[in-house]
Each structure stands twice: as structure tokens, then as C-alpha cells.
Amino acid sequence: MSVVFHEESRTFSINTQNSTYQFKVGRYGHLLHLYYGRSMQESADFLIVPVDRGFSGNPYEAGVDKTYSLDSFPQELPTNGTGDYRSPAVIIENADGTEAVDFRYTGYSIEDGKYSLSGLPAVYTEGSENAQTLRIYMEDPFTHVKAELLYGVLPEIDIITRALIIRNGGEGKIYLEKVQGAVLDFVTGDYDLITFHGRHTMERVPDRTPVGHTNQSVCSRRGMSSHQYNPFVILADRSANEDAGDCWSMAFVYSGGFKAECEKDQYDQTRLQMGLMDEKFRYPLQSGQEFICPEVIMTYSAEGFARLSHNMHDCIRRHVCRGKFRDAVRPVLINSWEASYFNFTGELLFELAMQAKESGVEMLVMDDGWFSDRDDDRHALGDWFVNEHKLDGTLKHLVDRVNDIGLKFGIWIEPEGVNESSELYKEHPDWALVIPGRKPNRSRYQLILDFSRKEVVDCIYERISNVLRSANIEYVKWDFNRSIFDVYSATAREQGSVMYDYVLGLYDFLERMNRDFPNVMIEGCSGGGGRFDAGMLYYTPQIWCSDNTDAIDRLSIQYGTSFAYPISAVGSHVSVVPNEQNGRVTDISVRSAVAMAGSFGYEFSFTKIPQSDRDTINADIETYKRLAPLMMNGLYYRLSVPLKDAFTAWEMVARDGSEALVTAVTTEIHGNMPIRYVRMKGLETGRMYRDEASGREYPADVLMQIGWPIPAVLGEYHAYRLHLVRV
Ligand code: GLA
């Protein structure tokens, strides 16, 4: 059993293969967190030491006992107004205008299988796994506001999820002002917080900072998970590294604004929490209504970051991503964006497909520019009608031609965007999120449609599904090219609900697409990786990782991305040099090696590249197709740190150790360089491995203890790929 309740001590233990999570119902009904760490069977309640603390209040029931204080006790769901002065997970404005929330335990239930959340993405299992759900019920006896804490357990992969439902069981209307579903309190320890920050074209750069006596937070107030901070954080023991040490992570299964906080309190205790962004959020709940705070995926590793990532990858790959493409090797594609931007015709696209086909490309993606008068980024968003003049005929005609030469066909869409010059906007100006009386803030010349309104979602859905039905479209790239800041919905009664309801509208649209078009693979995108989160991955099994296609910048971007997300989720393409984002020149072999750590494709016109590159491309596509199953399913290891080490290397190892693919890209060159060794991981000790290309055999132990020497070659940026097969 994963979830165990000990009646006498009122202690709940959640057990996974390698971890235990424990909390108990305190004397007065508060939920006190006890432990999250290595597996153990006993009670850890001795960790809570009652001490009389000055300026730390006590609940009324404690009477003269000054040692019971929520200001110092570790908790499962800290709320505002109970005497805990650390950052709360829940703040509610009650019907009487007061703000105190004091949840007390009322009961629990344990069920087999993993819970799901209505209207929201959540980790799922397919029935055969030993997943369980624990629900804890709490209520504020004064206001009758109720809290349901949900815990999902996937024991085999050391995953525990948390979500929270708030119900207004009282009489009048209340407002939720802050809701965070996951809290972890650590009574002791020195930790680092690892966050993943970035910007457009440079996403998910890890940042490791010591947790001090302060409240650190990362958040997005952009209505999207954002390029700037990813909704994934790791709390790690100061000495934790890739291979050793305690670390815990939280990943938000949500694509809107979020907040993750980490605070070290007056008694050196650390609180980590994650949930919804509380700015621009004031969610009204009438009597009887409920609100679901999206899920957080947690995992614990006693063996450093590699293991933590493996748990996350397994969870996202098999229990977040869905549909027929989840486990499929994705087609190698050619995307028209960097090949021709808005300047294409049907004929030109067909040419692009023809040339790419010769190299083994399997799908043509027609990016932005195919609808209405969309010849630049100032027009037509919202008018989802095929520009048959530009395509030299109907979409079906073009798709059939491309299908006839053996390629699949995909298209780009941006359902949430609208240009003011569009017919849609002229007809429905109030469908855009614009503050009345003010001029809107534009971004990329566009506004955002109010997806909190069902009629808006319905209209755009109908337009886009008509296009999808009109031809054999097998792939859609779903883009989102700006952040949201003008938050006003013309029909919402209360504006504090709009940001959350917007995301529900987005998910409703995506769910309909998954339901109605199960054979269409959707790739997420938001100016590259601006909405790269576990919420989107529930609907789109891969996401365009970054608009930056430079191989060297991508080393850092893909490195950071890999902490939480598997490479099957990473869209990654080869583009031209000099690179269009930073002007850097790298060899085709380097661009190819880097792009292969993801769902592979190209972004250039094959006619514009030298013949020698063509030969490399042909061979690379062949290699990709052969090794893709290993890359999609193997265990991923980071073997170096980009920019810190002289090379960046990573490895995918088959779970049975039978083969491994190691890639290394050199990033530093000096005179008379020392030899650099790529130290491998996860091979089977005592065995020999043969490098397929050279035929040379290597002992696994030496490769893992010392490493493979990178050849001393002059010049910047070389890529090396070793496909090692166990002898
Ligand atoms: C975004 C995407 C690009 C491309 C353009 C089209 O920037 O990230 O890949 O699709 O939009 O406008």
C-alpha cells in the first residue's frame, strides 16, 4: 500500500519505492508536516519539538500551553491568520470582510488510482500502475469554508502530486486571494534553491542560490508560465550534485501565472511552496461553489539531480503527455519559418517539401502566413481562413500534392491572438482583453482574445477546426506570441477571476482538439519556449524549445530544460548559418548533433545549403531515425555544465544498459589545450562497449571513472557522437 493511515497517532504515510512523505493531524486538528525523504516505515513525529517561543502565538485551545505554535510547526497547508507569520498557501477574504482562515481536519479517504481534476491537466495513470489517491478534508469551523487536499502517488517512479480544492460551505460570497496547492516544510537543513530563468530566445537557464533568511520567489505575472521563469524549482542540499545528495522538486501542471516561494524562517526552517500567482487574482466563490488549485508534481531524490530528472522525465513522458504520439517517434520535419518567413507561395512550399524529401524528411510544416492577409505580423490574427491566392489553390490541393510525394503536412496556428486590423476584431472589439477607456498595450502588434469567454473559444475553435477538417493536416504548431497584461474581460462579473478562467478556456480548446483530432499531433510554442510547462505537455506532447536555433546557445537552453522535461518533449531544429538570432557560425555536424537531442527537424531551404552539408544531412536523418527510440525512451544524463566546462556532453542510456548515445560539443579552444575526458554514466560495470562508428571497444568502468578523451582538434566547436553498444 502506498498510502497508510496510522489510526492511533493520526499519521499519514505516503510511500513510493524510494521515498516516504509523512504528516499527522495535530492535537487541535491542524495538519502538521513531518517528513519527506528516504523510505522509512516509522513515525517521524519526534521531529516536531514544542518550545515556548516569544512572539509566536498559540491557538486558543492550547490554553496555557505556549509550546504549540503554528509559527514554528511544519505544516501541510499554512493559511493566513492562524499565527503562522511565514508565507501562507491560502489567503481568503471571508464574507464578513475578515481574512483569517483556520482549516481543521475533518476526515480522509484513500482510493486506488490517481485523481483527475475537472477542466485542468493532471498526472494520469492508465490503470495498471499501483497509483493511489489520498484526500484530506478540512474545514474552517467558523466560516465553513472547506479545503480538500489531494495527494496522488505513483510509487514506481517516486512521484507524489498535490492539488487543492477550496469549497465555500458558508453563506456569503468569499474571495480567494492566494491559493498554493503544494507546501513543503523542512525543520532543519541548509539548502540551495535552483530556479530556471530566461528571456525570449534564452530560456530555462539554471540559477542556484543559497536559501538564506529571506523569502525568495520566482513567478510569472504574464498570464503564461513564461520565458522569464519556468514553473519548476529544485530545493537541494548544499552539497547535492548530479550524482549524489538530497533534492526535491516541484513542477506546476499549469500554463498561466504562477508563484514559487522559498523562505528560511527565524528557526532556520525552510518552506518551499508553489501555486497560482496571487497578483491580478481575486477569485470570487459564491456559497456552494468550489475552486481547483492546479496540481504540483513533486519528487525526491537521495541520489542527486540525475535521478530527480529521471523521475520527472518518466512522469512527464508516460503520465502527463497523452495520445497516440506520446510514445511514437515523431516525424522529422521541415518548417517553413526560417526558410521563408511570411514570403511563400504554395509552389514554394511544395519545392521545399520536394527537396527535403530527398534527404529523408517526413513532414512539411507551413508556419505563419497562410491565412487571410497575413503577409506580416501586423495582420489577420483571428481571421482563420485559408489564403488560397497565396497557396495557389485550396489547402487540400497543396496538402494532397505534398502527401503524394510521401510527406505529411502540418500548419501553424495562434488561436489566442488577434490583430486590430482583422475582420474578427472589427466585428468583436470586446473579444480582446482591453481595459475600457484605455488604449491597449500592444505586443508584436497584437492583442489577446478573451478565452475566459466560451463564445470566443467556440468561434475560434470552429474556424480552426474547419481548416483542420478541410485537408489531411497531421500536425499543428500552436503558438502564443505575447504576454498578457491588459486584464479586463467585457463579460466577467469580477475581473480577479479572468486570468485563471482564461487558462481554463485555453485548456478547453486544447482538450477539444485532442478529442476531435486524435490523429493530429500538436506541438506547443510561445515565441519558442515561453509556455514550456507540464500543463501544456498534457495536450501537446512536444513544445518548440526556443526561437533560438543557434547550436551553442541551445546547449545551455536544452541543458536547463532537461532538469524537468524529457527530450521527447523538446522541439529542436537545424537552421542556417550565420544563425539568424545571434550570427554565430557552426558546422552542420554541430547543429545536427544538438538538434538531435529533441524532436528533430530543419528550418531552412534545402536549396540554399552546400552539397557537402546535404550529404551530412542525409546521413544524420538516417542516424536520427535509427536512434530515436533510444533517445525518446532512454535515461538521460547531463555529463557536463555548459559554459563552465570546455565541452557540453549528454548521454541517453537504454534502461537495460545495452546501448548508449553520448554526444559532446566542444565550446572552448586555446593553444596547447589539455585533453578533456567525457565521463559517462549508467553503463553496466564489468562490461565492454563498442563504438559503432569506429568499431573500437571500451571498458565501461574506465569510461565511467576516467572518461572518453575528446580528440585534440584545432578550431572552435566540434561535435562528437558515440553510439556505444554493449558487447
Ligand atoms: C513565433 C514562433 C516561431 C514562428 C513565429 C511565426 O515566434 O516561435 O517559430 O512560428 O512565431 O510568427
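All values below come from the heavy atoms of this structure, side chains included, with hydrogens, waters and symmetry mates left out. In listed order, ligands and their atoms are each counted from 1.
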Could you tell me whether Lys477 and ligand 1 have an N or O pair separated by under 3.5 Å? yes

Looking only at heavy atoms, is any part of Asn481 under 4.0 Å from ligand 1, and if so is it the side chain, the backbone, or both, or is it neither? side chain

Heavy-atom nearest neighbour in the protein, as seen from atom 4 (C) of ligand 1, with distance rounded to 0.1 Å: Asp367 OD1, 3.4 Å

Does Arg322 make a cation-pi contact with Tyr538, if we ask for NZ or CZ under 6.0 Å from the ring centre and within 45° of the axis? yes

Within 45° of the axis and under 6.0 Å from the centre of the six-membered ring of Phe344, does NZ or CZ of Lys390 qualify? yes

Residue Cys525 vicinity, atoms of ligand 1 by number, heavy atom under 4.0 Å: 2 (C), 8 (O)

Go through the steps for Tyr602 and Phe600 under the test ring pair (Phe, Tyr, Trp, His ring centres under 6.0 Å), then give the verdict. CA-CA 7 Å; Tyr602 293 86; Phe600 192 52; 5.2 Å; yes

N or O contact, Arg444 vs ligand 1, cut-off under 3.5 Å: yes

Do any N/O atoms on Trp412 end up under 3.5 angstrom from N/O atoms on ligand 1? yes

Can a cation-pi geometry be assigned to Arg204 and Phe196, taking NZ or CZ under 6.0 Å from the six-membered ring centre and within 45° of the ring axis? no

Can you tell me if Asp400 and Asn472 form a side-chain donor-acceptor pair at under 3.5 Å? no

Can you check which of Thr201, Asp368, Leu381 brings a heavy atom nearest to atom 6 (C) of ligand 1? Asp368

Run the numbers for me: atoms of ligand 1, each under 4.0 Å from some heavy atom of Trp337, listed by number. 3 (C), 4 (C), 5 (C), 6 (C), 9 (O), 12 (O)

For Trp544, counting its heavy atoms only, list the atoms of ligand 1 lying under 4.0 Å from any of them. 8 (O), 9 (O)

List the steps, then state whether salt bridge (Lys or Arg N to Asp or Glu O under 4.0 Å) holds for Arg317 with Asp314. CA-CA 5 Å; Arg317 224 170 357 199; Asp314 283 343; 3.4 Å; yes

Starting from atom 7 (O) of ligand 1, locate the nearest protein heavy atom and write down its residue, its atom name and how far away it is, to 0.1 Å. Asp547 OD2, 2.9 Å

With a distance cut-off below 6.0 Å to the six-membered ring centre and an angular limit of 45° from the axis, does Arg221 pair with Phe258 as a cation-pi contact? no

Can you tell me which residue and heavy atom of the protein come closest to atom 11 (O) of ligand 1, and the distance to 0.1 Å? Asp479 OD2, 2.8 Å

Take Tyr461 and Trp384 through the ring pair (Phe, Tyr, Trp, His ring centres under 6.0 Å) test and state the conclusion after the steps. CA-CA 10 Å; Tyr461 188 74; Trp384 298 103; over 10 Å; no

Taking distance alone, with N or O pairs closer than 3.5 Å, would you say Gly528 contacts ligand 1? yes

